[in-house]
Amino acid sequence: MRLLSHNLLMCNVKGCSENNYPLRILVQKSKIIEAELNPDFLRKLVTKLDWKGLHTTLISLDFHKFPEQLAEDDWKNEEFLKELHNVLMQTHIIEGKLVCPNCQREYPIVNGIPNMILKDSELK
Amino acid sequence: YQRRVHGGLMFSRKINKRTLESFLQPLDPFEDPKVHLEQYQTPPDIAAELFFLVSMQLGPEEFEGQRVADFGCGTGIFSLASAALGAEAVHAFDVDTDCLAIAARNVEESGMTAVELIQTDLLVWTPPPSEKPFDTVVMNPPFGAQETETNNGIDAKFIEKAVESCSGNVYVLLNGKSRVRIMKNCEKKGYECDLMVKDIEFPVPKIFKFHKQKTANIKCDFFRISDAK
């Protein structure tokens with residue numbers, strides 16, 4: 001699971017409707033798999049995302065080099081593009097957990113696949 | 001002519017239905033298909049035909065460089081076809097651990113790093129609060145083809161979820177028996193609904209003791225659906 005997928009996931013436990021996105025990430029095992037950099041795709045992707053949420057996630061994962069707010073100039077910066085590409089598209093979380101900041105429900109990541117399946121008692 | 005694009009293969013501009021089919025052919029199928037989840041193996045030739053058709057009619061940009069979702073990915077056939085046609089990212093969703101393991105193997109062996117797997121119940125999953133994440137959605141949702149299984153309109157719910165999360169087109173392969181109900185549903189919701197191919201023969205195993213044949217062909221329809229608003 002890359003951060004590319006992480007931004008699609010929120011906590012859907014019954015009653016958990018605030019502060020349930022983005023999920024906190026606990027990384028136990030990760031690896032880098034190289035992928036070709038596509039600046040247009042990256043830009044399109046990021047404009048659709050909540051950058052503030054992503055930025056918070058990046059800080060929590062110890063990626064401190066990213067600005068709190070994006071500016072037009074950032075997209076012309078090669079270093080920025082490469083770093084962003086690395087964290088969004090190349091970093092694969094193989095084992096870990098996604099944790100809801102609101103209800104603390106843990107979702108396991110096993111073999112790179114996040115498991116979001118809820119128990120019957122957790123469903124609305 | 002093939003060009004390696006981040007571990008995957010990208011086909012030349014002259015997309016060939018046969019090359020797409022031969023790419024999908026060796027993928028691992030379901031090992032022990034679960035009837036209650038309606039896990040029917042999509043034949044590679046049908047998948048190739050449909051994806052090729054979309055490419056030809058709507059353009060390669062339906063997949064090339066796009067962010068695609070596969071709702072109910074099974075063993076990953078639709079996801080891998082999307083990746084083969086140049087999708088930059090494919091999010092493959094399914095509820096079943098076993099078929100996701102097979103999909104993971106297929107992704108690994110075909111080298112299509114664009115494909116990511118997510119285990120979730122699509123009836124529970126909700127798209128994130130910001131803009132619609134996907135450019136294109138492809139799906140082959142549960143058919144409602146076994147007589148003792150009630151479909152409960154899962155196909156319509158998958159379609160609604162897809163349109164909610166997709167800024168472009170949603171491509172769905174459905175049981176032909178659902179045609180009228182789905183078209184009515186689209187009209188009610190204000191969706192654009194285009195029946196691209198009718199009466200595709202899809203092999204489905206029959207589970208009842210009194211049925212003579214082991215498999216039957218279900219006539220299926222292939223739709224393009226989008227939010228007209």
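In what follows, every chain begins at residue 1, and chains take the letters A, B, ... in the order their sequences are listed. Worth saying up front: this structure is predicted, and the values here are computed from it rather than measured.
- When A:Arg2, A:Met10, A:Met116 are compared by the number of non-hydrogen pairs under 4.5 Å with chain B, A:Arg2 comes out ahead.
- Within a 6.0 Å sphere centred on CD of B:Glu49, heavy atoms belonging to other residues, nucleotides or ligands number 12 at most.
- Heavy atoms of A:Ile33 lying under 4.5 Å from chain B belong exclusively to its side chain.
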**Study point:** Residue pair A:Lys44, B:Gln66: steps toward the side chain to side chain donor-acceptor pair (under 3.5 Å) verdict
**Key:** CA-CA 10 Å; A:Lys44 199 172 71 166; B:Gln66 304 292 27; 2.5 Å; yes
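- Interface with chain A: from residues 69-78 of chain B, no residue qualifies, criterion being any non-hydrogen pair under 4.5 Å.
- At a threshold of 4.5 Å between non-hydrogen side-chain atoms, the residues B:Leu37 and B:Phe30 do not count as touching.
- Of the listed residues A:His92, A:Met89, A:Met1, the one with more heavy-atom pairs under 4.5 angstrom with chain B than any other is A:Met1.
- Contact of the B:Asn175 side chain with the B:Asp155 side chain is not registered, since no non-hydrogen atoms from C-beta on lie closer than 4.5 Å.
- Heavy atoms closer than 4.5 Å to chain A are found in the side chain of B:Phe93, but not in its backbone.
- Counting heavy atoms from C-beta on, the side chains of A:Ile117 and B:Val95 come closer than 4.5 Å.
- Ion pairing between a basic and an acidic side chain is recognised when a charged N comes within 4.0 Å of a carboxylate O; B:Arg105 and B:Glu31 show such pairing.
- More than 12 heavy atoms of other residues, nucleotides or ligands lie within 6.0 Å of NZ in B:Lys34, so this atom counts as buried by the packing criterion.
- Taking each heavy atom of B:Phe202 and B:Thr42 in turn, the nearest pair found is CZ-CA, 3.7 Å.
- Inter-residue side-chain proximity for B:Asn16 and B:Phe52 is flagged as unmet; no heavy-atom pair is nearer than 4.5 Å.
- With chain A as the partner, the residue from B:Thr97, B:Ile118, B:Leu100 showing the most heavy-atom pairs under 4.5 Å is B:Ile118.
- Looking at A:Leu37, neither its backbone nor its side chain comes within 4.5 Å of chain B, counting heavy atoms on both sides.
- Interface residues of residues 162-170 of chain B toward chain A, defined by a heavy-atom distance below 4.5 Å and sorted by number: B:Ser167.
- Of the possible polar contacts, none joining the B:Glu64 side chain to the B:Gly86 backbone as a donor-acceptor pair under 3.5 Å is found.
- Relative orientation of the A:Phe66 and A:Phe63 rings is perpendicular, given thresholds of 30° and 60° on the angle between their planes.
- Side-chain contact between B:Asp135 and A:Lys48 is present, with at least one heavy-atom pair separated by less than 4.5 Å.
- In this structure, the portion of A:Leu123 lying under 4.5 Å from any heavy atom of chain B is its side chain and not its backbone.
- Considering CG of A:Leu3 and CG of A:Asn7, their distance stands at 8.0 Å, rounded to 0.5 Å.
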